[in-house]
Peer 1: 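Dumping the structure here so I can ask a few things about it.
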Amino acid sequence: MNFSGKTAIVTGGANGIGKEVVRGIVEGGGNVIIADINQGAAERVIAEFGAEHTSFTYMDLGNHESIVEAMNKIIATAGKIDILVNCAGVISAKPFEQLTYDEWERTIRINLSGCFSTISTIFPHFIEQKGGRIVNVSSVAAKLGGGLLGTAAYASSKAGLNGLTKAVAKEGGKYGIACNAVCPSFTRTDMTTVLSEDPEKSQRVINMIPLGRRAEPVEIAQMILFFASDLASFVSGEIGDCDGGITLDG
């Protein structure tokens, strides 16, 4: 996909799905600012893809002030941002009866409020430049009420993210701002390692997937890259499933 002349912010771009999104944008001729809490991993990505096309800005998705400071720094330095991809997030897999308020609040703060903070900070910039593309990485848990990796807190944070995606698409359309979300299922990433280490649980989840396997990060990245590209010029407010056939939305 062609990203020539485009600059993107990718939160969580240092690992997993986010890293594959960075790869796709760079290979498409674009530039990426990796906004992440893991500087070491981000520097390895920059070394792999080249400092002429990638850079790093520290951002703590659990801290509103950190997000606003980082986003404003990026915008001021880059001058023009065309794409925001919200990949960063955390999993909460505890059964509801074991779920504490602290874990609930942390999961919502990072997965939902963190995305609100990135979007709301860049929104005026997108209005000023008469357009922009936003892609949020959600989860099938948002549609199924959990049951794969995340449970109540995770599913609620991602369901909220789907609602936020639609609201931003509705309100941003008159400014040329498009906002879409991607809902992956079981994907081979560092975040899913805990599940992968339990062969029985892992197989139960795979058995739920009609395609009979878990996804590779690059497969999820392809839908994200589509939504981020000009190929999706008339697509906004879409909650796209990239889940091997679990949800089978009509």
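Values below: all heavy atoms of this structure, side chains included; hydrogens, waters and symmetry mates excluded. Model, not experiment: these values are computed from the prediction.
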Peer 1: Do Val10 and Ile33 have side chains that get closer than 4.5 Å, going by heavy atoms?
Peer 2: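 Answer no - side chains too far apart.
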
Peer 1: Evaluate the side-chain proximity of Leu231 to Met1: yes if any heavy-atom separation is below 4.5 Å, no if none is.
Peer 2: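 SC-SC contact between Met1 and Leu231 confirmed.
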
Peer 1: Got a sec, which residues hit side-chain contact (heavy atoms from CB on, under 4.5 Å) with Asp82, two or more places apart in sequence or on another chain?
Peer 2: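 Lys6, Thr7, Lys80, Gln129.
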
Peer 1: Where do Ile239 and Asn180 land on the side chain to side chain contact (heavy atoms under 4.5 Å, CB included) test, with the steps shown first?
Peer 2: CA-CA 6 Å; Ile239 312 297; Asn180 297 287; over 6 Å; no

Peer 1: Show your working on side chain to side chain contact (heavy atoms under 4.5 Å, CB included) between Ile119 and Leu84 and close with a plain yes or no.
Peer 2: CA-CA 8 Å; Ile119 294 169; Leu84 168 65; 3.9 Å; yes

Peer 1: Start with the C-alpha distance between Arg23 and Glu48, add both sets of side-chain angles, then the distance that settles side chain to side chain contact (heavy atoms under 4.5 Å, CB included), and finish with yes or no.
Peer 2: CA-CA 9 Å; Arg23 185 195 305 276; Glu48 182 175 348; 3.5 Å; yes

Peer 1: Quick check for you: to the nearest 0.5 Å, what is the distance between Ser92 atom OG and Ile108 atom CD1?
Peer 2: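 Answer for the OG-CD1 pair, Ser92 versus Ile108, is 9.0 Å.
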
Peer 1: Of Asp241, Val182, Val135, which is the lone residue that meets side chain to side chain contact (heavy atoms under 4.5 Å, CB included) with Met223?
Peer 2: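 For Met223, the side chain to side chain contact (heavy atoms under 4.5 Å, CB included) test succeeds with only one of Asp241, Val182, Val135, which is Val182.
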
Peer 1: In sequence, state the C-alpha distance, the side-chain angles, and the governing distance for Asp243 and Lys143, and then conclude on salt bridge (charged side-chain N to carboxylate O under 4.0 Å, His left out).
Peer 2: CA-CA 11 Å; Asp243 62 9; Lys143 298 185 174 185; over 6 Å; no

Peer 1: Is Ile9 linked to Tyr58 within one hydrophobic cluster, defined over Ile, Leu, Val, Met, Phe, Trp and Tyr using a side-chain heavy-atom separation of less than 4.5 Å?
Peer 2: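 Different hydrophobic clusters.
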
Peer 1: Counting C-beta onward and ignoring hydrogens, is there a side-chain heavy-atom pair between Ile246 and Pro210 closer than 4.5 Å?
Peer 2: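 When only atoms from C-beta onward are counted, Pro210 and Ile246 do touch, with a gap below 4.5 Å.
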
Peer 1: Within the 4.5 Å heavy-atom criterion, are Val22 and Ile34 side-chain neighbours or not?
Peer 2: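 They are in side-chain contact.
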
Peer 1: Gly212 and Ile206: which non-hydrogen atoms are nearest, and at how many Å?
Peer 2: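 Shortest heavy-atom separation between Gly212 and Ile206 comes out as O-CG2, 3.4 Å.
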
Peer 1: Give a yes or no on whether the backbone of Cys179 and the side-chain of Ser236 come within a donor-acceptor separation of less than 3.5 Å.
Peer 2: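 The answer is yes, because a donor-acceptor pair under 3.5 Å joins these two groups.
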
Peer 1: Are Leu161 and Ile134 joined in one hydrophobic group, where the rule is that I, L, V, M, F, W and Y side chains link up if heavy atoms are under 4.5 Å apart?
Peer 2: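 Yes, it is one cluster - the side chains of Leu161 and Ile134 are joined through contacts under 4.5 Å.
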
Peer 1: Heavy-atom distance under 4.5 Å between the side chains of Phe3 and Leu225, does that happen here?
Peer 2: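 In short, these two side chains touch, coming nearer than 4.5 Å.
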
Peer 1: Which atom names give the shortest non-hydrogen contact between Ser138 and Ala181, and what distance separates them?
Peer 2: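 That would be CB-CB, 4.5 Å.
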
Peer 1: Please check if Trp104 and Leu61 belong to a single hydrophobic cluster, counting links between Ile, Leu, Val, Met, Phe, Trp and Tyr side chain heavy atoms closer than 4.5 Å.
Peer 2: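 Yes: a chain of side-chain contacts under 4.5 Å links Trp104 to Leu61.
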
Peer 1: Enter the distance from His64:NE2 to Glu69:CD here, rounded to the nearest 0.5 Å.
Peer 2: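 Here the interatomic distance stands at 11.5 Å.
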
Peer 1: Counting only N and O atoms by type, is there a donor-acceptor contact under 3.5 Å from the side chain of Thr11 to the main-chain atoms of Ala88?
Peer 2: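 Yes, the answer is positive, given that a donor and an acceptor are paired below the 3.5 Å cut-off.
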
Peer 1: Between Phe56 and Val45, is the side chain to side chain contact (heavy atoms under 4.5 Å, CB included) condition met? List the steps.
Peer 2: CA-CA 9 Å; Phe56 167 75; Val45 174; over 6 Å; no

Peer 1: Are Met71 and Phe116 joined in one hydrophobic group, where the rule is that I, L, V, M, F, W and Y side chains link up if heavy atoms are under 4.5 Å apart?
Peer 2: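 Yes, one cluster joins them.
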
Peer 1: Heavy-atom count check: over 12 atoms from other residues, nucleotides or ligands less than 6.0 Å from Glu171 CD?
Peer 2: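 Atom CD in Glu171 is not packed in, count stays at 12 or less.
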
Peer 1: Locate the shortest heavy-atom distance separating Ala232 from Phe226; write the atom from each residue and the value.
Peer 2: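 In terms of heavy atoms, the two residues are closest at CB-O, 3.3 Å.
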
Peer 1: Is the shortest side-chain N to carboxylate O distance from Glu219 to Arg214 below 4.0 Å?
Peer 2: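 No.
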
Peer 1: CZ of Phe126 to CZ of Arg133: how many Å apart, nearest 0.5 Å?
Peer 2: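 Interatomic distance, Phe126 CZ to Arg133 CZ, rounded to 0.5 Å: 10.0 Å.
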
Peer 1: Under a 4.5 Å cut-off applied to non-hydrogen side-chain atoms, are Val140 and Phe186 in contact?
Peer 2: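 A side-chain contact under 4.5 Å is absent here.
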
Peer 1: State yes or no: do Phe227 and Val137 share one hydrophobic cluster built from I, L, V, M, F, W and Y residues joined by side-chain heavy-atom distances below 4.5 Å, directly or via other members?
Peer 2: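 They do share one cluster, since a chain of ILVMFWY contacts under 4.5 Å joins Phe227 to Val137.
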
Peer 1: Any side-chain to backbone donor/acceptor pair from His125 onto Ile81? Under 3.5 Å, distance only.
Peer 2: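 Confirmed, His125 side chain pairs with Ile81 backbone.
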
Peer 1: Which pairs, with at least one residue in residues 98-124 and sequence neighbours excluded, count as a salt bridge (Lys or Arg N to Asp or Glu O under 4.0 Å)?
Peer 2: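 Of all non-adjacent pairs touching residues 98-124, those that pass salt bridge (Lys or Arg N to Asp or Glu O under 4.0 Å) are Lys94-Glu103, Glu105-Arg109.
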
Peer 1: Specify the closest pair of heavy atoms between Ala215 and Ile220, including all atoms of both residues, with the distance to one decimal.
Peer 2: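 Closest heavy-atom pair between Ala215 and Ile220: CB-CD1, 3.8 Å.
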
Peer 1: Just by modelled atom types, is the Thr118 backbone N or O under 3.5 Å from a matching donor or acceptor in the Ser120 side chain?
Peer 2: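 Judged by distance alone, no pair lies under 3.5 Å.
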
Peer 1: Compute whether any side-chain donor of one residue and acceptor of the other, for Ser157 and Asn111, lie under 3.5 angstrom apart.
Peer 2: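 There is such a pair (donor and acceptor under 3.5 Å, judged by atom type) between the side chains of Ser157 and Asn111.
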
Peer 1: On a heavy-atom basis, which atom in Ile17 and which in Cys87 lie closest, and how many Å separate them?
Peer 2: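 For Ile17 and Cys87, the tightest heavy-atom pair comes out as CG2-SG, 4.3 Å.
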
Peer 1: How many angstroms lie between atom CD of Gln203 and atom CE of Met208, to the nearest 0.5 angstrom?
Peer 2: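 Taking CD in Gln203 and CE in Met208, the distance rounds to 12.5 Å.
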
Peer 1: Looking at Lys130 and Ile177, would you say the former's side chain and the latter's main chain have a donor-acceptor pair under 3.5 Å?
Peer 2: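 Judged by distance alone, no pair lies under 3.5 Å.
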
Peer 1: Are the side chain of Asp230 and the backbone N or O of Ser233 linked by a donor-acceptor pair below 3.5 Å?
Peer 2: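 No, Asp230 side chain to Ser233 backbone: no donor-acceptor pair under 3.5 Å.
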
Peer 1: Rounded at 0.5 Å granularity, tell me how far CD1 in Ile122 sits from CG in Asn86.
Peer 2: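 So the CD1 of Ile122 and the CG of Asn86 are separated by 9.5 Å.
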
Peer 1: Measure the CG-OG1 distance between Asn72 and Thr77 for me, rounded to the nearest 0.5 Å.
Peer 2: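 With rounding to 0.5 Å, CG (Asn72) is 10.5 Å from OG1 (Thr77).
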
Peer 1: Show the nearest heavy-atom pair for residues Ala8 and Ile25, with the distance to one decimal.
Peer 2: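 Minimum heavy-atom separation between Ala8 and Ile25: CB-CD1, 3.7 Å.
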
